[in-house]
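Notes follow once the structure below has been shown.
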Amino acid sequence: MATAGVQEIRPPTLAPTSEPPSIFDGTTRLYMSYSCPFAQRVWITRNHKGLQDNIKLVPIDLMNKPAWYKEKVHPENKVPSLEHDGKVLAESIDLIKYVDANFEGPALLPNDPAKKEFGEELIIYVDTFTKDVFTSFRGDPITQTSASFDYVENALGKFDDGPFFLGEFSLVDIAYIPFVERFQIVFSEVYKHDITAGRPKLAAWIEELNKNNAYKQTKLDPEEFVDFFKKRFLGQ
């Protein structure tokens with residue numbers, strides 16, 4: 001078992017001409033993309049639990065996926081997916097829960113029933129949060145997302161025993177941070193707006209996460225994401 005602080009070399013991204021791995025040979029593999037926020041959730045979970053030696057990364061070129069991935073691994077042709085024990089599982093929230101429950105390493109949910117209940121509420125809300133922010137890019141993002149970011153700020157104040165949603169670092173933080181990372185970049189670079197302004201708990205949460213090596217190793221290149229965002233949402 002590796003440790004959460006291990007700095008690993010990123011495997012090369014596989015394109016259609018790349019040879020497929022030896023699928024269903026007993027190796028546990030995370031099929032992912034370095035740029036995908038959903039895959040990033042599972043990647044962070046793997047890193048935090050020290051599973052770098054147990055779960056191999058298999059990065060896929062999302063713009064030019066190998067045919068074998070859909071044919072042999074995941075018929076829906078999406079990432080992330082996890083090859084484990086002769087089966088393939090998908091959906092990022094399901095996967096982070098699965099990895100936490102089925103592999104060794106530090107637990108990512110507290111034992112406190114109140115925290116567990118609130119954590120599930122927050123995980124259910126995360127899709128609404130991300131959808132509302134992405135939808136705002138067709139209108140007035142700064143105004144339209146105020147309530148969404150205020151919700152996160154208020155949620156971070158629920159427990160006072162740490163800077164994270166449930167006090168301690170958990171699956172809830174992992175569910176949110178890949179998207180907040182991208183939103184912070186876009187609002188800062190494109191809209192010249194600081195999403196943490198007037199939201200000290202959100203600022204402290206991001207600052208603390210940026211110290212977390214399991215997460216830091218998964219962060220994307222801000223310039224690349226801004227270019228992607230401008231092409232995708234602004235037609236530039």
Side-chain angles (χ1 to χ4, degrees), residues 1-14 20-60 69 72-76 78-113 115-124 126-127 162 164-179 181 208-220:
M1 175 178 166
T3 63
V6 170
Q7 184 70 42
E8 66 178 333
I9 298 172
R10 294 187 177 189
T13 296
L14 301 185
S22 300
I23 300 163
F24 300 127
D25 64 352
T27 303
T28 302
R29 298 182 176 89
L30 172 61
Y31 296 91
M32 46 86 77
S33 163
Y34 294 126
S35 62
C36 173
F38 298 98
Q40 189 179 1
R41 288 170 167 169
V42 195
W43 189 9
I44 296 168
T45 305
R46 161 195 181 265
N47 291 355
H48 183 76
K49 292 179 76 71
L51 298 169
Q52 291 90 337
D53 294 334
N54 303 70
I55 301 178
K56 302 299 182 184
L57 297 182
V58 183
I60 300 292
Y69 181 64
K72 299 181 179 180
V73 181
H74 189 31
E76 292 187 25
K78 298 189 293 186
V79 297
S81 69
L82 184 74
E83 176 190 341
H84 183 233
D85 280 351
K87 58 185 180 293
V88 174
L89 306 112
E91 301 301 330
S92 64
I93 294 296
D94 292 339
L95 287 180
I96 62 175
K97 291 179 178 179
Y98 181 87
V99 170
D100 189 38
N102 290 277
F103 291 85
E104 60 185 351
L108 279 163
L109 279 177
N111 292 322
D112 184 329
K115 289 186 175 183
K116 278 188 175 180
E117 182 180 357
F118 188 57
E120 191 57 37
E121 179 183 320
L122 289 170
I123 287 175
I124 290 170
V126 69
D127 285 345
F164 303 109
F165 282 106
L166 306 182
E168 60 198 272
F169 183 68
S170 74
L171 294 180
V172 181
D173 305 291
I174 292 172
Y176 278 82
I177 190 55
F179 292 94
E181 176 187 344
E208 197 65 28
L209 278 168
N210 282 327
K211 300 174 187 175
N212 183 315
N213 202 50
Y215 161 61
K216 283 196 299 182
Q217 293 189 42
T218 72
K219 294 182 71 172
L220 71 165

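Starting from 1, each residue takes its place in the sequence as its number. As the structure is a computational prediction, the values presented were derived from the model and not from experiment. As a basis for the values below, the full set of heavy atoms in this structure was taken, side chains included, without hydrogen atoms, waters or symmetry mates.
- Residues passing the side-chain hydrogen bond (donor to acceptor under 3.5 Å, both in side chains) test with Asp94: none are found, sequence neighbours excluded.
- Using a distance-only test at 3.5 Å, with no hydrogens or angles considered, no donor-acceptor pair links the side chain of Asn47 to the main chain of Asn213.
- By the 4.5 Å heavy-atom criterion applied to side chains, Leu122 and Tyr176 are counted as neighbours.
- The heavy-atom pair separating Val99 from Lys49 by the smallest distance is O-CE, 3.5 Å.
- Within the 4.5 Å cutoff, the side chain of Val79 has no heavy atoms near those of the Phe38 side chain.
- Residues Ile23 and Tyr31 share a closest heavy-atom pair of CG1-OH, 3.8 Å.
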- [ ] For Ile55 and Leu82, run side-chain contact (heavy atoms from CB on, under 4.5 Å): C-alpha distance rounded to whole Å, both residues' side-chain angles, the deciding distance at 0.1 Å, then the answer.
- [x] CA-CA 9 Å; Ile55 301 178; Leu82 184 74; 4.0 Å; yes

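- A search for salt bridge (Lys or Arg N to Asp or Glu O under 4.0 Å) contacts involving Arg41 returns nothing, not counting sequence neighbours.
- Nearest heavy-atom pair, Leu30 versus Pro80, reported as atom, atom and distance to 0.1 Å: CD1-CB, 4.0 Å.
- Phe24 is linked by a side chain to side chain contact (heavy atoms under 4.5 Å, CB included) to Glu83, Val88, counting only residues two or more places apart in sequence or in another chain.
- Between the CG atom in Leu109 and the CG atom in Leu166 there is a gap of 7.5 Å [rounded to 0.5 Å].
- Judged as a side chain to side chain contact (heavy atoms under 4.5 Å, CB included), and not counting sequence neighbours, the contacts of Thr27 are Asp25, Arg29, Lys56.
- Between Gln40 and Ile177, every side-chain heavy-atom pair lies at or beyond the 4.5 Å cut-off.
- To the nearest 0.5 Å, atom CG of residue Asn210 and atom CD of residue Glu181 are 8.0 Å apart.
- Put simply, the side chain of Thr28 does not reach to within 4.5 Å of the side chain of Asn54, judged on heavy atoms.
- In this structure, the salt bridge (Lys or Arg N to Asp or Glu O under 4.0 Å) partners of Glu208, at least two apart in sequence or on a different chain, are Lys211.
- Under the 4.5 Å side-chain criterion, counting only non-hydrogen atoms from C-beta, Leu95 is not in contact with Thr45.
- Considering NE2 of His48 and OG of Ser170, their distance stands at 9.5 Å, rounded to 0.5 Å.
- Checked against salt bridge (Lys or Arg N to Asp or Glu O under 4.0 Å), Glu121 has no partners two or more places apart in sequence or in another chain.
- The aromatic rings of His84 and Tyr98 sit perpendicular to each other, their planes meeting at more than 60°, with 30° as the lower class boundary.
- The shortest non-hydrogen separation linking Glu168 to Pro110 is OE2-CB, 3.7 Å.
- Here Glu120 pairs with Lys97 under the side-chain hydrogen bond (donor to acceptor under 3.5 Å, both in side chains) rule; sequence neighbours left out.
- Partners of Glu76 under the salt bridge (Lys or Arg N to Asp or Glu O under 4.0 Å) rule, at least two apart in sequence or in another chain, are Lys78.
- The side-chain hydrogen bond (donor to acceptor under 3.5 Å, both in side chains) search around Asp85 returns none, not counting sequence neighbours.
- Listed by chain and residue number, nothing satisfies the ring pair (Phe, Tyr, Trp, His ring centres under 6.0 Å) test with Tyr215 (two or more places apart in sequence, or in another chain).
- Between Glu8 and Gln217, the shortest heavy-atom distance links the atoms N-OE1, 3.5 Å.
- Contact of the Ile44 side chain with the Pro178 side chain is registered, since non-hydrogen atoms from C-beta on lie closer than 4.5 Å.
- Using a 30° and 60° split on the angle between ring planes, His74 and Tyr69 fall in the perpendicular class, above 60°.
- Here the shortest heavy-atom pairing between Leu108 and Asp100 reads N-OD1, 3.0 Å.
- Here the straight-line distance linking atom CZ of Arg46 with atom CG of Asp53 works out to 8.5 Å at 0.5 Å rounding.
- Note on ring orientation: taking the six-membered ring where Trp is involved, the planes of Phe169 and Phe164 are perpendicular (angle over 60°, cut-offs 30° and 60°).
- Checked against side chain to side chain contact (heavy atoms under 4.5 Å, CB included), Ser35 has the following partners two or more places apart in sequence or in another chain: Ser33, Leu62.
- With sequence neighbours excluded, no residue satisfies side-chain hydrogen bond (donor to acceptor under 3.5 Å, both in side chains) with Tyr34.
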